[in-house]
Visitor: 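One structure coming up, written as structure tokens, with questions to follow.
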Amino acid sequence: MPTERELAISPIVQESVQHNTQVISNIRSLTASLFGVASGILGLESYAGFLFYLLGTFFVSVLIWSILAKGKQGDYFQGAWSELWAGDVLNGGMSFVLTWTLFYGLVRA
Amino acid sequence: MAGALVQSIHRDPALFYWILFPISIVMVLTGVLRHYATVLLQTAPKKQGLPALREQRSLLRGINLRSNSSAVSSTAFAARRHYLVSAYKDGTFLKDPDNRGKPAGNPMTDPAAMEGMMGMMKGNMAMMIPQTLIMGWINAFFAGFVIMKLPFPLTIRFKSMLQSGVATRDLDVRWVSSLSWYFLNLFGLQSVFIFILGNDNAANQMAQQMSQMNPGAGAGLFQPGQDPDKMFQSEAENLEVVEHEYILKGVEDRLLASIE
Amino acid sequence: MSLSSLLRRSNLEALSLSQQTAQHLQKHASTGTSTIPIPLLSYPESTDIWLTYERLFLSCLRTGDDRAAFNCLEKLISRFGATNERVMGLRGLYQEAVAKDDATLERVLQEYEEVLAEDAVNTPVAKRRIALLQSLSRTTEAIDALTELLESSPTDIEAWTELAELYLSHNLFPQAVFCLEEVLLVAPNAWNIHAHLGEVLYISAMNGNENSEGKILAEATRRFCRSVELCDDYLRGYYGLKLTSDRLLSILPDDIKSTAQVTTVDNGELPMLSTAVVRRLSEQATLKLAEIIRTNNNSCDLAEITAAKDLLDRSTQRRQR
């Protein structure tokens, strides 16, 4: 955490932080559902499915990092690593499981 | 071992159209309904009289002075601090100066507090009632059979919960009844709600749970049951210990350094 | 803040906005008032639409199109009711705008006072009353009314800025500085307020006595430095920086180093700026001003760019002489 004096010199704008977090959260939930559809259609089971999700999320994070944050995540996030790479994975995980189960059942039957 | 065999049950595809989709659609619709119901049931914020407003905003002024003191010079800060600390100690901003020293009003008898609590209870009701109703409806109509196979395995303990109507011993835990589809939807649809209803929707269950766990966070400045005089005194003490640093000190050097 | 932000837009924009009013009213004639209250079918109502109406209303009044302004006002009244505080403020504004003589204005003032007697917390009407007192040139009363408003609402930055303007117009510089400092305490990252405070300090230095001129100018320079530190391409900040640093260079002796200097500013808190630093600040400001004028993106007002060009030309002339 930057010192108080550094914060006073270069302040952190709360709105921007919220906006950034929301963008990440939106992207993750959307891509999580899509990954669920994909893995359901592919018929992936337990570990393979979760692995697919994690790999896919990692890929999406790489894209976010390179395209949206232009490689400089320090500019957009405090505590840069955790938020951009691992933020909101659990929430996305729920949507993933939902669509995965649905499409697995739809396609397999 | 029975578990090593791949158990497959042939199911009528019509099952999906009559069970899975209706449950999902009903849940989405109730979420939307709950959101609008909460919005409509909210009472407009009560208008406060001038003394109450003055009290609140004077406290805010002290807090602002403490947090943003670097923007002004030490002399300006010292002058303001002196004024505010003596005003707080004398209680010049209090809305009922006669009530000083008396204990804070009992939340049960204070009418303003009652309204705040009613609002919270209404929110909780709006949350719990649809959930119980839907669970009851599912148990009534969709019990007694397994509907689908989960793509991932779970432990045996979940069997009793997820296969509620079907009393078998050997059936794989991966075959679940419609109640588990309800649970899956409950958790998975939150992101869908965020898309449809915008970020602060009332159907957001996670936010509800978190707000129940931290009741202090996000509460207004003057909660019922808090003594304004004590708040002023504590703010005065906070102000007295502030160390002042002037942001303009060295600003020209910082600026010139940043263009190097 | 909508009024003050609108005033910052150019007159040209206001004219084009008001000309579009008729079309806009036509297009959204049925917004938010469907007979069948099914939210999914009717045109979704958003707060943006009503903010647009308010802005249209203000720009119509500004360009003199009273009829269209009245239409906007009617729409606002029918949606929010005539007793809504903000609507009452706008209605008062309209009445002031179409008033033909001072007697009508006095009557509007009386109406405001009646409303305030019933309900002392009605902030928009209180602010309208102060604005009306100013347009009637009763500035001492306006200042009194503003101080009273600020007594009950000390975190209202709009009111503090207005008070600072009033004090400035009467050349009461220390009071104006106090008000702007109050604004900074609520919004410490507002670079435009830092620049404005720098401008007030500059004016007070030019109008004050010779001895303290250097000190006040140093403070003004530092304020402008802070404003450009917060916003990299703030034209007004660089303009002020150039102005104050050039003026400081002309009154400081040539070889001041900051450590050896005895005079200090801000009652001894900060050291005086050394000549070398001031020179570099001035050069930097000139460079940046030239760059902003060259790139000339739309965020800058045309008037500001012309003024900046003017300043640069004057300073090059001075140097060539």
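We use all heavy atoms of the structure for the numbers below, so side chains are in, but hydrogens, waters and symmetry mates are not. Since this is a predicted model, take the numbers as computed values, not measurements. Note on naming: letters A, B, ... go to the chains in the order of the sequence lines (proteins, then strands), and numbering restarts at 1 for each one.
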Visitor: Side-chain contact test, heavy atoms from C-beta onward, threshold under 4.5 Å: evaluate it for B:S70 versus C:P188 and give yes or no.
Guide: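 The answer is no, as the side chains (C-beta and beyond) never meet within the 4.5 Å cut-off.
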
Visitor: Minimum heavy-atom separation for C:S152 to B:R57, with atom names?
Guide: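 Taking C:S152 first and B:R57 second, the nearest heavy atoms are O-CB, 4.3 Å.
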
Visitor: Heavy-atom distances under 4.5 Å only: say whether C:E283 touches chain B with side chain, backbone, both or neither.
Guide: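 The answer is neither part of C:E283.
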
Visitor: Please classify the contact of C:F178 with chain B as side chain, backbone, both or neither, using a heavy-atom distance under 4.5 Å.
Guide: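 C:F178 touches chain B through backbone and side-chain heavy atoms alike.
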
Visitor: Count the heavy atoms of every other residue, nucleotide or ligand shown that sit under 6.0 Å from CD of B:E240, and state whether that count exceeds 12.
Guide: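 Buried by this count: over 12 neighbours within 6.0 Å.
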
Visitor: What part of C:D119 lies closer than 4.5 angstrom to a heavy atom of chain B: side chain, backbone, both or neither?
Guide: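 Interface part for C:D119: side chain.
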
Visitor: Measure the spacing between CZ of C:R226 and CG of B:L248 and express it to the nearest 0.5 Å.
Guide: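 Reported value, rounded in 0.5 Å steps: 8.0 Å.
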
Visitor: Kindly check if the number of other-residue, nucleotide or ligand heavy atoms within 6.0 Å of CD (C:E113) is above 12?
Guide: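 Yes.
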
Visitor: For residues B:R61 and C:T155, is any side-chain donor paired with an opposing acceptor at under 3.5 Å?
Guide: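 No, no side-chain donor-acceptor pair sits under 3.5 Å.
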
Visitor: Could you measure the distance from the SG atom of C:C225 to the CD1 atom of B:I247? Nearest 0.5 Å is fine.
Guide: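 C:C225 atom SG to B:I247 atom CD1 measures 12.5 Å (nearest 0.5 Å).
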
Visitor: A side-chain contact here means heavy atoms from C-beta on lying under 4.5 Å apart; do C:V278 and B:E252 qualify?
Guide: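 C:V278 vs B:E252: side chains apart.
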
Visitor: How far apart are the closest heavy atoms of C:R223 and B:V72, and which atoms are they?
Guide: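 Smallest interatomic distance, heavy atoms only, reads NH2-CA, 4.1 Å.
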
Visitor: Could you tell me the separation between the CD atom of C:E229 and the CG atom of B:L255, rounded to the nearest 0.5 Å?
Guide: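 Between atom CD of C:E229 and atom CG of B:L255 there are 6.5 Å.
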
Visitor: Could you look at C:E181 and say if it's the side chain, the backbone, both or neither that has a heavy atom under 4.5 Å from chain B?
Guide: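 Both backbone and side chain of C:E181 come within 4.5 Å of chain B.
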
Visitor: Kindly give the heavy-atom pair with the smallest separation between C:L184 and B:N68, and that separation in Å.
Guide: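 So the two residues come closest at O-CB, 4.4 Å.
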
